[in-house]
Amino acid sequence: MEQTLEEKLRRVTNWHAPLARGGMSWAGLRALASRIGTARGVEIVVAEDPWPFSGSLQRVGDRLVIKVDSRRNLAERTYALAHEVGHLALGHYDIHAREVWYHTDGPNADELEAEADVFAGWATRTPGTLMEWFQPERLKQMRLAARRS
Amino acid sequence: MGDLVERFVGATAAYSLREVEARTGVGYQTVRNLRAGEWQTVQPSTRRKIEAYLRQADAARDVGESPEDAARIGGAMEPEDDIDLPDVSYLHPAARAIFDERVGSYVTRGWPGQIISQAARELVAAIVGGNTVRSSGPGKVELSEDEQIMVLRGISPHIEKAYAARWSKR
């Protein structure tokens, strides 16, 4: 049975404790990406360069490369990385398929993008706001806000 | 064909599947099948690689070299075989020049055709994918020439890291 976003967030937060605290930094998100890669048997590389997108994820050889636009400020770069890591953490892509470019597509594309934004907000939120973020109404508001933005 | 495969299997018996793949360009799963006697469905491109390797091995034996030494010194296998490049008609001129230069360097360095094909697709994946993403929003906005160049320069080092150590012969 398909998990709700709340269930997926709970599961990944139980798996990676720093998510429960929030306020994840660039380094913390890189560590999370590395841990996801280790768990799923693929090397995940995070790189900052001038890039025409805030963030992207693609395959190069046997690795997954997350690129973040280095021209943006730290907060934007951190959020972009959190968004891409969110796609991986929430299981949006079959990373063992040979697809080169990972992008959300199809009828659920908006939903998956909104979920990745919710994850990014969850991971980078001000620490100490644990309980309210697991309220379903709060999650619904976040998802709607992400779609509107 | 059976004799050819038998000679190839014999000539590479001392190497692991992955080593044979690295030395000959024949995929390790294909090598496993050949060693198991399953050669009936060998593709023409694979046959050419087997023949090229055996030519190297024969020439090397005549002069007392290993096949790898022979390939490195001058009788290279044909890395241009089966290069299948993606459509790049959408690349602006300066970006196209960079793409051609990169792919040309892969050929010069002796990467197998299959690897060059894959690397070429990965070079432009963000451009193709980016156009897809952008065109899904309001209005169609493709990447500009500067943005295409940005992508090619940004992804090239990762392609080098992923493939050069294993496949570059010169």
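Computed from heavy atoms alone, side chains included, the values below leave out hydrogens, waters and symmetry copies. Note on naming: letters A, B, ... go to the chains in the order of the sequence lines (proteins, then strands), and numbering restarts at 1 for each one.
- Residues Y79(A) and W122(A) do not share a hydrophobic cluster, clusters being chains of Ile/Leu/Val/Met/Phe/Trp/Tyr side chains in contact below 4.5 Å.
- Within 6.0 Å of the CG atom in N14(A), the count of heavy atoms belonging to other residues, nucleotides or ligands exceeds 12.
- The side-chain heavy atoms of M150(B) and R71(A), taken from C-beta on, include a pair separated by under 4.5 Å.
- Note that CD of E147(B) is 7.5 Å distant from CZ of F53(A), once rounded to the nearest 0.5 Å.
- Taking a 6.0 Å sphere around CD of E145(B), one finds it holds more than 12 heavy atoms contributed by other residues, nucleotides or ligands.
- Taking all atoms of both residues into account, the shortest heavy-atom contact from W51(A) to G154(B) is CZ3-CA, 4.1 Å.
- For the atom pair CZ of R153(B) and CG of D49(A), the computed distance is 12.0 Å after rounding to the nearest 0.5 Å.
- Counting all heavy atoms, side chain and backbone alike, G61(A) lies closest to A162(B) at CA-CB, 4.3 Å.
- Separating the CD atom in E122(B) from the CD atom in Q58(A) is a distance of 6.5 Å, to the nearest 0.5 Å.
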